[in-house]
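Order of appearance sets the numbers: ligands from 1, and atoms from 1 within every ligand.
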Amino acid sequence: MTSLPLAVTPGEPAGIGPDLVLQTAADAAWPGGLVAFADPEALARRARELGVMVTLHEWAPGAPLPSSGLPVYPVPLAQPAEAGRPDGANAAATLAALDRAVEAVLAGHCMGLVTGPLSKAVISDGTSRPFSGHTEYLAERAGATGHPVMMLIGGNLRVALVTTHLPLRAVPDAITGDKVIRVVRTTAEALIEDFAIPEPRILVTGLNPHAGEGGHLGHEEQQIIEPALERIRQELGDRAHVEGPVPGDTAFTPRCLREADTVICMYHDQGLAPLKQQAFGGAVNVSLGLPFVRTSVDHGTAFDLAASGNAGGGSFREAIALARTLAANRARATV
Ligand SMILES: NC(=O)C1=CN([C@@H]2O[C@H](COP(=O)(O)OP(=O)(O)OC[C@H]3O[C@@H](n4cnc5c(N)ncnc54)[C@H](O)[C@@H]3O)[C@@H](O)[C@H]2O)C=CC1
Ligand SMILES: NCC(=O)COP(=O)(O)O
């Protein structure tokens with residue numbers, strides 16, 4: 001299982017995703033084991049722009065891997081990709097690359113998926129369908145029965161989110177007891193099975209300042225989050241320790257973090273701001289609750305850096321390393 005390649009999607013073709021894939025594949029110290037799902041002509045053009053030497057080999061699922069260079073499953077774009085200038089005409093092909101990669105992973109040809117950054121706006125505008133991110137899209141494509149959870153890992157933090165890409169105004173209405181329970185359950189199961197952490201300690205934040213200050217600063221904690229945590233504690237029993245709701249700022253104090261394996265936050269910036277402050281450029285985004293391993297970078301498309309050679313590859317390399325570890329843990333767990 002773990003000798004299989006990892007499927008890699010560069011993501012938005014006008015962003016830095018192609019740079020990261022090419023720079024990694026061209027690194028002499030790189031052990032290989034990646035297959036890119038992308039337009040070979042677009043990759044070749046970006047390699048020329050970057051001055052990166054890497055031989056691209058056409059690959060199909062099940063075919064042997066070349067001994068050097070980068071195998072590519074070809075998924076043609078509709079238009080030539082211009083670095084830093086996204087084109088909605090390429091949105092469908094960008095998603096098609098993701099679809100082909102998912103198919104290869106689900107069919108057992110690849111051990112997992114590492115994704116480069118997509119622009120939600122470009123995909124939504126270009127396909128005329130709302131696209132809120134890989135996490136939900138992949139869960140839908142894979143027919144995941146649980147609840148997909150976005151977790152970012154970096155520095156000494158693991159941060160999982162109850163809500164992801166929503167307008168802030170819509171967040172309180174999206175936080176339901178069932179959703180809190182599903183996110184805690186999925187996170188606990190992933191920590192135990194994928195991360196091999198027995199009896200994980202999970203700290204759950206409130207939504208409001210001071211976790212609602214006993215109802216003086218909001219009622220979501222008393223009415224929704226506390227009862228949900230009580231229910232999931234009973235369900236999980238000794239398998240995981242769930243604390244909360246604690247105020248979102250207190251959760252990130254050193255003492256709280258020492259006593260937690262993961263912080264579950266109510267909304268995107270509550271969790272990702274402290275994580276990026278600590279670990280941006282070397283953190284990894286991982287989707288929990290999918291039937292396959294998927295990791296990604298901690299950053300976006302960085303159109304300002306595409307083809308400049310200045311995009312840092314630390315997060316991408318960490319995403320590859322974590323995908324291998326998680327795939328190996330899953331393989332061990334199923335023996
Ligand atoms: N995994 C994914 O698919 C993600 C996609 N995005 C998408 O990215 C687009 C742009 O988002 P922004 O908020 O501008 O965030 P961004 O991460 O693309 O850029 C923020 C700042 O960080 C810099 N930066 C980003 N990656 C870097 C790297 N590898 N090395 C050096 N500097 C880097 C950029 O130059 C910019 O100054 C959005 O459309 C969003 O949807 C954002 C986060 C994750
Ligand atoms: N802010 C994280 C992000 O945008 C990545 O989301 P996803 O594409 O992994 O769902």
Where on Leu272 is there a heavy atom closer than 4.0 Å to ligand 2, on the side chain, on the backbone, on both, or on neither?
side chain
Which of the listed options, Phe316, Phe131, Phe280, holds the heavy atom that is closest to atom 23 (C) of ligand 1?
Phe280
Counting from 1 in the order shown, the ligand 1 atoms closer than 4.0 Å to a non-hydrogen atom of Ala311 are 30 (N)
Within-cutoff protein neighbour (heavy atom, under 4.0 Å) for atom 31 (C) of ligand 1:
yes
Can you tell me if Ser296 contacts ligand 1 (heavy atom of the residue under 4.0 Å from the ligand)?
yes
Nearest protein heavy-atom contact for atom 7 (P) of ligand 2: which residue, which atom, what distance?
His134 N, 3.4 Å
Close-contact set for ligand 1 against Ser119 heavy atoms, below 4.0 Å
39 (O), 41 (O)
Hydrogens and angles aside, do Asn90 and Glu12 bring a side-chain donor and acceptor to less than 3.5 Å of each other?
no
Are the charged groups of Glu235 and Arg231 less than 4.0 angstrom apart, N to O?
no
Flag, side chain of Ser315 to backbone of Gly281, donor-acceptor distance under 3.5 Å:
no
For the residue pair Arg294 and Ser287, confirm or rule out a side-chain donor-acceptor distance under 3.5 Å.
yes
Using atom types as modelled and distance alone, determine if a side-chain donor or acceptor of Glu221 lies under 3.5 Å from a backbone N or O of Leu207.
yes
Counting non-hydrogen protein atoms only, what is the nearest one to atom 2 (C) of ligand 1? Give residue, atom name and distance.
Pro117 CA, 3.6 Å
Evaluate Glu213 against His210 for side-chain hydrogen bond (donor to acceptor under 3.5 Å, both in side chains), listing each step before the verdict.
CA-CA 5 Å; Glu213 187 88 25; His210 308 177; 2.7 Å; yes
Option of least heavy-atom distance to atom 5 (C) of ligand 2 (set: Thr164, Leu152, Asn285)
Asn285
So, does Glu226 use its side chain to make a donor-acceptor pair with the main chain of Pro245 at under 3.5 Å?
no
Please determine if Gly300 has a nitrogen or oxygen closer than 3.5 Å to a nitrogen or oxygen of ligand 1.
yes
Under 4.0 Å to a heavy atom of Gly133 - the qualifying atoms of ligand 2, by number:
8 (O), 10 (O)
Which of these, Lys276, Lys120, Glu12, His165, has its nearest heavy atom closest to atom 41 (O) of ligand 1?
Lys120
Do Asn208 and Glu220 have side-chain atoms, one donor and one acceptor, less than 3.5 Å apart?
yes
Atom 4 (O) of ligand 2: closest protein heavy atom, distance to 0.1 Å, is Lys120 NZ, 2.8 Å
Counting from 1 in the order shown, the ligand 1 atoms closer than 4.0 Å to a non-hydrogen atom of Asp304 are 34 (C), 35 (O), 37 (O)
Measure His134 to ligand 1 on non-hydrogen atoms and call it side chain, backbone, both or neither using the 4.0 Å cut-off.
side chain
Protein contact of atom 10 (O) of ligand 2 - nearest heavy atom, named by residue and atom, plus distance
Thr135 OG1, 2.6 Å
Close approach of Arg294 to ligand 2, heavy atoms, under 4.0 angstrom
yes
Using a 4.0 Å heavy-atom threshold (strictly under), name the region of Leu305 that reaches ligand 1: side chain, backbone, both or neither.
side chain
Which residue and heavy atom of the protein sit nearest atom 5 (C) of ligand 1, plus the separation
Leu118 O, 3.1 Å
Any sub-3.5 Å donor-acceptor pair from Arg46's side-chain atoms to Glu41's backbone N or O?
no
Does ligand 1 have an atom that lies less than 4.0 angstrom from a heavy atom of Ala121?
no
Output yes when a side-chain donor or acceptor of Asp19 lies under 3.5 Å from a complementary backbone atom of Ala306, and no otherwise.
no
Sub-4.0 Å protein heavy atom near atom 19 (O) of ligand 1
no
Using a 4.0 Å heavy-atom threshold (strictly under), name the region of Leu20 that reaches ligand 1: side chain, backbone, both or neither.
neither
Give me the one residue out of Leu152, Asn285, Thr164, Asp298 that meets side-chain contact (heavy atoms from CB on, under 4.5 Å) with Leu272.
Leu152
For atom 29 (N) of ligand 1, what is the closest protein heavy atom, and at what distance to 0.1 Å?
Gly312 O, 2.9 Å
What protein heavy atom sits nearest atom 10 (C) of ligand 1, and how far away is it?
Thr301 OG1, 3.5 Å
Could you tell me whether Arg45 and Glu49 have a side-chain N and a carboxylate O separated by less than 4.0 Å?
yes
How close does the nearest protein non-hydrogen atom get to atom 1 (N) of ligand 2, and which residue and atom is it?
His268 NE2, 2.8 Å
Looking only at distances, can you tell me whether any N or O atom of Ser132, backbone or side chain, sits closer than 3.5 Å to an N or O atom of ligand 2?
no
Within the structure, does at least one protein heavy atom fall under 4.0 Å of atom 13 (O) of ligand 1?
no
N/O donor-acceptor pair under 3.5 Å between Thr186 side chain and His147 backbone
yes
For Gly289, is there any backbone N or O sitting under 3.5 Å from a side-chain donor or acceptor partner on Glu189?
no
In terms of residue, atom name and distance, what is the protein heavy atom nearest to atom 44 (C) of ligand 1?
His299 O, 3.2 Å
Look only at the side chain of His165 and the backbone of Ser132, and say whether a donor-acceptor pair between them is shorter than 3.5 Å.
yes
